[in-house]
Amino acid sequence: MNIITDPTELQRQCLTWRKQGHSIGLVPTMGYLHHGHTSLIGRARPECDRLVVSVFVNPTQFGENEDLSSYPRDFESDRAKAEAQGVDLLFAPEPGAMYEANHATWVEVPRLAIHLCGATRPVHFRGVCTVVTKLFMLTQAEVAVFGEKDWQQLAVLRRMVRDLNIPIRLIGHPIVREEDGLALSSRNAYLTKEERAAAPNIRKGLLKLAEKAKAGERDCAALKRFLAEEFAATLPMGEVDYIEIVDPDEISPITTIARSGLAAVAVRMGKARLIDNILIEG
Ligand code: AMP
């Protein structure tokens with residue numbers, strides 16, 4: 001496996017591969033790889049001839065009071081996991097290599113970034129769109145895989161790719177979970193034992209909400225109230241950032257589930273901010 005830290009070198013290598021007729025796949029990550037990341041890599045592997053994984057804790061997607069400096073990092077473990085998954089190239093740049101001191105260009109999809117995580121993380125999706133565009137330009141990838149755990153991110157990126165005619169195919173991958181239902185996340189490392197024990201109740205609450213919707217409750221206000229009560233009872237140490245039901249493509253709140261709705265939540269537990277979602281269809 002090739003390890004590259006210099007963006008220009010990455011671009012050169014990928015252009016060489018393209019000229020040789022190889023297709024390139026990309027899985028962008030912030031590292032501290034877990035089974036969620038490795039399933040994305042496994043999903044991407046058969047889709048391309050050369051697979052690039054990036055490990056980059058992108059500073060521009062963190063707000064001022066967020067966990068940029070404490071975000072968990074373990075490059076040696078990431079390297080070993082990527083290699084074991086058959087990754088061809090691991091791209092691990094320093095922030096200064098990705099952003100010149102006078103960096104001034106941003107890519108944004110503002111209308112899809114108003115609600116859910118965008119509401120409390122105002123610069124987040126602008127940072128994501130910008131870094132992902134840079135990675136698309138650097139790699140010339142034909143396919144990229146993103147997780148549905150970050151559903152809003154995937155919706156934003158799909159819109160960006162469509163609106164800007166970026167020649168890449170995006171694949172969404174289902175949420176990978178612990179046995180007890182907790183969605184895998186690098187930030188789970190922040191949880192205390194007590195918080196970790198309660199955290200699966202996020203998923204349990206969402207499943208109950210989906211059951212209620214299937215049983216006929218289509219009023220979003222009632223469903224959200226129900227979930228807020230569930231969380232109050234089962235996650236006493238959790239502080240709800242949002243409980244929302246949105247149109248799955250537009251990421252705008254809906255009042256009634258007609259065709260489909262995405263129930264999405266963010267809950268702060270101690271140092272961690274955990275997100276999860278469930279798609280309600282039919
Ligand atoms: P991150 O390193 O958290 O930025 O995540 C990198 C990619 O992995 C994103 O596309 C995430 O949506 C995806 N991802 C992270 N956790 C999971 C999970 N538990 N299941 C599926 N995809 C995930």
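This structure is a prediction, so every number in the text was calculated from the model and none was measured.
Within 6.0 Å of the CD atom in Gln20, the count of heavy atoms belonging to other residues, nucleotides or ligands exceeds 12. Atom CZ of Arg111 has 12 or fewer heavy atoms from other residues, nucleotides or ligands within 6.0 Å.
Without hydrogens or angle criteria, His124 side chain to Gln61 main chain gives a donor-acceptor distance under 3.5 Å. The backbone N or O of Ala258 sits nowhere less than 3.5 Å from a side-chain atom of Thr256 that would complete a donor-acceptor pair. Judged by distance alone, the side chain of Trp106 and the main-chain N or O of Arg126 form no donor-acceptor pair under 3.5 Å. At least one donor-acceptor pair closer than 3.5 Å links the side chain of Asn201 to the backbone N or O of Ala198. Without hydrogens or angle criteria, Ser54 side chain to Phe56 main chain gives no donor-acceptor distance under 3.5 Å. Under the 3.5 Å distance criterion, the side-chain polar atoms of Asn188 are matched with a main-chain donor or acceptor of Ala183. The closest donor-acceptor contact from the side chain of Ser260 to the backbone of Ile280 lies at 3.5 Å or more, if one exists at all. Distance alone, capped at 3.5 Å, places no donor-acceptor pair between the Glu211 side chain and the Ala213 backbone. For the pair Arg158 (side chain) and Leu170 (backbone), a donor-acceptor distance under 3.5 Å is present.
At least one side-chain heavy atom of Trp17 sits under 4.5 Å from a side-chain heavy atom of Asp88. Between Asp150 and Glu148 there is no side-chain heavy-atom pair separated by less than 4.5 Å. Between Lys81 and His35, every side-chain heavy-atom pair lies at or beyond the 4.5 Å cut-off. Under the 4.5 Å side-chain criterion, counting only non-hydrogen atoms from C-beta, Tyr32 is not in contact with Ser77. The side-chain heavy atoms of Phe91 and Leu135, taken from C-beta on, include a pair separated by under 4.5 Å. When side chains are defined from C-beta on, Leu191 counts as touching Leu182, because their heavy atoms get closer than 4.5 Å. Two residues are said to be in side-chain contact when any heavy atoms from C-beta on lie closer than 4.5 Å; Ile278 and Leu207 meet this criterion. At a threshold of 4.5 Å between non-hydrogen side-chain atoms, the residues Leu223 and Ile245 count as touching.
A continuous path of ILVMFWY side-chain contacts below 4.5 Å connects Leu116 to Ile275, so both sit in one hydrophobic cluster. Hydrophobic cluster membership differs between Phe136 and Val145, with clusters built from Ile, Leu, Val, Met, Phe, Trp and Tyr side chains linked at under 4.5 angstrom. Linking ILVMFWY side-chain heavy atoms closer than 4.5 Å, directly or via other members, places Val128 and Ile166 in a single hydrophobic cluster. Under the 4.5 Å side-chain heavy-atom criterion for grouping Ile, Leu, Val, Met, Phe, Trp and Tyr, Met137 is not connected to Ile24 through any hydrophobic cluster. In the hydrophobic clustering of this structure, Met1 does not group with Ile4; members are Ile, Leu, Val, Met, Phe, Trp, Tyr whose side-chain heavy atoms approach within less than 4.5 Å, directly or through other members.
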Please report the C-alpha distance between Ile41 and Val87 in whole Å, then the side-chain angles of each, then the deciding distance to 0.1 Å, and finally whether the side-chain contact (heavy atoms from CB on, under 4.5 Å) criterion is met.
CA-CA 8 Å; Ile41 296 170; Val87 171; 3.6 Å; yes

Evaluate side-chain contact (heavy atoms from CB on, under 4.5 Å) for Met98 paired with Leu138, printing each intermediate quantity in order.
CA-CA 11 Å; Met98 287 294 273; Leu138 289 168; 4.2 Å; yes

Taking it one step at a time, do Cys117 and Gln153 satisfy side-chain contact (heavy atoms from CB on, under 4.5 Å)?
CA-CA 9 Å; Cys117 291; Gln153 168 173 284; over 6 Å; no

side-chain contact (heavy atoms from CB on, under 4.5 Å) between Phe62 and Val57: does it pass, once the steps are laid out?
CA-CA 9 Å; Phe62 286 77; Val57 182; 3.8 Å; yes

Could you check Glu66 against Arg121 for salt bridge (charged side-chain N to carboxylate O under 4.0 Å, His left out), going step by step and ending with a plain yes or no?
CA-CA 9 Å; Glu66 293 181 1; Arg121 308 188 71 191; 2.7 Å; yes

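Between Ser23 and Asp49 the shortest heavy-atom distance is N-OD2, 2.8 Å. Smallest separation of non-hydrogen atoms from Thr5 and Pro7: O-CD, 3.5 Å. Scanning both residues, His37 and Ser186, for their nearest heavy atoms gives CE1-OG, 3.6 Å. Of all non-hydrogen atoms in Tyr99 and Gly127, the two that sit nearest each other are OH-O, 4.3 Å. For the pair Gln85 and Gly42, the tightest heavy-atom approach, listed with the atom from each and the gap, is OE1-N, 3.9 Å. Asp249 approaches Ala155 most closely through the heavy-atom pair O-CB, 4.1 Å.
Between Lys271 and Glu195 there is no salt bridge, since no side-chain N of the basic residue sits under 4.0 Å from a carboxylate O of the acidic one. In summary, Asp276 and Arg177 engage in a salt bridge, as defined by a charged side-chain N under 4.0 Å from a carboxylate O. A salt bridge links Glu244 with Lys224: the closest approach of a Lys/Arg side-chain nitrogen to an acidic carboxylate oxygen falls below 4.0 angstrom. Taking a cutoff of 4.0 Å between a charged side-chain nitrogen and a carboxylate oxygen, Arg273 and Asp241 qualify as a salt bridge. Remark: Glu9 does not engage Arg12 in a salt bridge, criterion side-chain N to carboxylate O under 4.0 Å. Arg259 and Asp247 are not joined by a salt bridge, as no carboxylate oxygen comes within less than 4.0 angstrom of a charged side-chain nitrogen. Between Lys204 and Glu230 there is no salt bridge, since none of the side-chain N atoms of the basic residue sits less than 4.0 Å from a carboxylate O of the acidic one. Between Glu229 and Lys208 there is no salt bridge, since no side-chain N of the basic residue sits under 4.0 Å from a carboxylate O of the acidic one.
Interatomic distance, CG of Leu154 versus CZ of Arg159, reported as 11.5 Å (0.5 Å rounding). With rounding to the nearest 0.5 Å, the separation of CE in Met160 from CG in Asn165 is 12.0 Å. Remark: Glu83 CD to Asp78 CG distance equals 12.5 Å, nearest 0.5 Å. Here CG of Asn277 is found 4.5 Å from CG of Leu262. Values are rounded to the nearest 0.5 Å. Taking CD1 from Ile114 and CD from Glu250, the interatomic distance works out to 10.5 Å, rounded to the nearest 0.5 Å. The CG atom of Leu26 lies 11.5 Å from the CD atom of Gln140; values are rounded to the nearest 0.5 Å.
Under a cutoff of 6.0 Å and an axis angle of 45°, Lys212 and Phe226 form a cation-pi pair.
Side-chain contact check for Arg50 and His22: at least one donor-acceptor pair (N or O, by modelled atom type) lies under 3.5 Å.
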